[in-house]
Amino acid sequence: MGSGSRWAERLLESGALSDAGRPLLGPGEVECQLLDGVDIEVVDSGVEGDPLRSGLLILTNARMFWVHQHSRSAFFLPLSSVSRISAPRKGLKSVFSSTLRLRGAAAAHSSVTLLLSFRGHASSFDNLVSQLGAVLQSRAWETLPAAAVNPSTASASTPSSHWNPSRAGVSGILRKEQEQWEQTDKNLQEAFHDLNALMGKAKEMVLLADKMRARLLTEGSASGSQQELHDLLLSVGIASPVTKESAGALYHQQLSRQLADFVGSPLQSAGGMLALVDVYCLFNRARGTELISPEDLLQACDLWDRLDVPVMLRRFDSGALAIQIKSKSDDEVVARIMRLVDDLRTGVGAREAAKCLGVAPALAKEHLFSAEARGFLCRDDGPDGLRFYTNFFKDAQFP
Amino acid sequence: MGDFKFPYFFDYPPYFTLQPVQDTREKQMQLWKELILRYCQHHKCFIINLEQEFPLFQNLSIQRKLSFEAREVFLAALVAEGKAEWLDKAHKKCLVLWRSIQEWSEMILQLVRDNAMEDGVLTLDEIQSGDESRGTELAGIDRFVLVRALKLLEQRGKAAMFKGKAGDDEGVKFSAS
């Protein structure tokens, strides 16, 4: 390294080398591209000096190194200080080599222009240039801890003038988090963009299905194709209007009967009444495969009205649904209520019935209503609310 | 005339709640219709005004009373049976016919026979509250009902009503012999 290259020591920073002659990289700093046989010289900058000849140019995501293995010297330029890269002016040099001009701030000089030249294969140099362009564009060094930009084994207590202090400390971390969040947000937006496109398609599908449904409704008795169409809709998961009007598709009828058969013994062991959700679980578990949906279950239960089965779907005012054996449990419940209503003076309200039957007041109320509907009780709508008495109307006469 | 004797079920709170279950309601209606007729007969009450309190429709001892809707329902049932009539289009005033007009007219004829007035003349006032009717069911009869009964007799040719001279009451000439 001749004295003519002193400029490098002044303008560029010295990079530390490992024992094996590799530059020490900072945390998060990775090599992007290597190119051997690159010259650097300073031009048009009011600084004189000989070019650094034939060194290994190492491009990382934060810096550009020029390493001379033989003399174990290395210089680097933080990419953050590069303000512009450009193709060289046409000159003698460019005929024999690929060149690149780098403009940036260095040391005390606000503007310095460096010329990189390479005599090897142009494509390799082009690769480097495009990589450099990419790294410069993405400003990859900004996401690295400040130390990556300027690591040194020497005591570099004075930070280089190119290092941004706002990148350090808590505010630096917070800023980084903010940027990460913004990036995530951007990613999500893009993802949702795709999701919206998907939903647009789904809307079209639903429209199509509705058209088919409408056709089914209007079409008369082309029963063959109708059945097919209906089955198709069913397989897609859309309830056919035909099902609702008629006694139900064969599928639902069969399901309904099967369910009625199945539910018998669980009901017995549960004392006559089971919540619909429990039946759903039990039934599907028993089926193993070909599970039925909640809608199917509900439809199957609704069909019981038209079939002669000993079970029924019970709808409570609260909205809860239960399956119960038709007559048995009601009789039992009524008997218990009647035993409770032995005093005609005070009657039975929901609270007393709830305690007696061991159920929630809302359910107890339902039982009272059903006993009333069957003619066992009559009601008193007084200042204390609704209360029920033995139906004395049945046998009442003028004395 | 002693106090009206209320039936035992009058003390049962449900009696005052309009029952929602059809069969039960039918029975309740029957009981109330009969009760209304009996009560009105006992108290010689001819008109029930829905917009006013009517002692029959509440039982203070059990703190219950019939709702407006219930009263309407029961009176309407009486009307449907022909045992009452609405006196106004708004169905607020009800004429209770615990005796039918026909029965009233028969009672008038009976009164006439009992008093040997087959060809006589009586003022309406006299029929309502005169000596002849004292002690009979006719005493205190509602004027409107009386006129209706007399009109019925007119149609049968057994009586003829006439307007009295200025200041005098309406009268009726009988030809019931």
Side-chain angles (χ1 to χ4, degrees), chain A residues 312 314-318 326-327 330-331 333-335 337-353 356 361-399, chain B residues 2-43 45 53 56-74 77-78 81 83 96 98-99:
Chain A
M312 58 177 273
R314 192 66 176 281
R315 278 187 166 83
F316 293 108
D317 280 341
S318 59
K326 247 181 194 161
S327 52
D330 258 4
D331 284 343
V333 166
V334 165
I337 291 175
M338 298 311 283
R339 263 175 270 142
L340 191 63
V341 186
D342 53 10
D343 183 3
L344 278 175
R345 292 247 141 231
T346 55
V348 171
R351 237 179 310 152
E352 292 84 3
C356 161
L363 209 68
K365 219 179 184 185
E366 293 295 330
H367 284 305
L368 288 172
F369 287 147
S370 104
E372 182 196 28
R374 289 176 66 186
F376 291 104
L377 302 176
C378 60
R379 66 166 64 182
D380 162 42
D381 200 357
D384 296 328
L386 213 53
R387 300 186 79 77
F388 291 86
Y389 295 72
T390 313
N391 185 5
F392 60 85
F393 287 103
K394 251 196 284 196
D395 305 316
Q397 287 184 48
F398 278 87
Chain B
D3 277 338
F4 181 73
K5 188 130 187 310
F6 289 92
Y8 64 93
F9 47 79
F10 192 74
D11 287 331
Y12 294 166
Y15 190 57
F16 288 83
T17 299
L18 190 59
Q19 296 298 313
V21 175
Q22 196 55 34
D23 288 342
T24 315
R25 179 184 290 206
E26 296 280 344
K27 201 62 214 286
Q28 185 186 29
M29 275 204 295
Q30 277 177 34
L31 295 175
W32 269 107
K33 281 194 291 187
E34 183 64 29
L35 184 61
I36 291 170
L37 291 174
R38 288 190 187 203
Y39 182 87
C40 286
Q41 178 167 13
H42 186 267
H43 287 103
C45 180
E53 294 287 334
L56 176 64
F57 294 143
Q58 63 206 32
N59 184 343
L60 292 169
S61 67
I62 58 167
Q63 293 179 305
R64 296 285 189 275
K65 64 186 219 177
L66 283 181
S67 67
F68 185 87
E69 190 200 355
R71 284 179 269 148
E72 247 188 338
V73 166
F74 298 143
L78 267 180
E81 213 184 322
K83 294 227 155 73
V96 182
W98 32 275
R99 289 242 181 263

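No experiment lies behind these values; they were computed from the predicted model shown. Throughout, a chain's letter reflects where its sequence line sits, starting with A, and its residues are numbered from 1.
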(request) Pick one of side chain, backbone, both or neither for Y15(B), based on which atoms fall under 4.5 Å of a heavy atom in chain A. (result) both

(request) State, to 0.1 Å, how close C378(A) and T24(B) come at their nearest heavy-atom pair, and which atoms those are. (result) CB-CG2, 4.2 Å

Pair up each side-chain donor or acceptor in residues 391-399 of chain A with any protein partner under 3.5 Å, not counting sequence neighbours, and list the distances.
| from | atom 1 | to | atom 2 | distance (Å) |
| --- | --- | --- | --- | --- |
| N391(A) | OD1 | F393(A) | N | 3.2 |
| N391(A) | ND2 | G375(A) | O | 3.0 |
| K394(A) | NZ | G375(A) | O | 3.3 |

Check whether more than 12 heavy atoms from other residues, nucleotides or ligands sit under 6.0 Å from atom [atom1] of [X], and answer yes or no.
X	atom1	value
K27(B)	NZ	yes
K65(B)	NZ	no
Q58(B)	CD	yes

(message) Once side chain to side chain contact (heavy atoms under 4.5 Å, CB included) is applied, do any residues pair with V96(B), and if so which ones, sequence neighbours excluded?
(response) I36(B), L37(B), C40(B), I48(B), W98(B)

(request) Just give me the residue among K5(B), Q28(B), Q22(B) that pairs up with chain A most often, heavy atom to heavy atom, under 4.5 Å. (result) Q28(B)

(request) Please examine the side chains of R64(B) and P383(A), heavy atoms only from C-beta on, and report whether any two atoms are closer than 4.5 Å. (result) yes

(message) Distance check, rounded to the nearest 0.5 Å: L18(B) atom CG versus R379(A) atom CZ?
(response) 9.5 Å

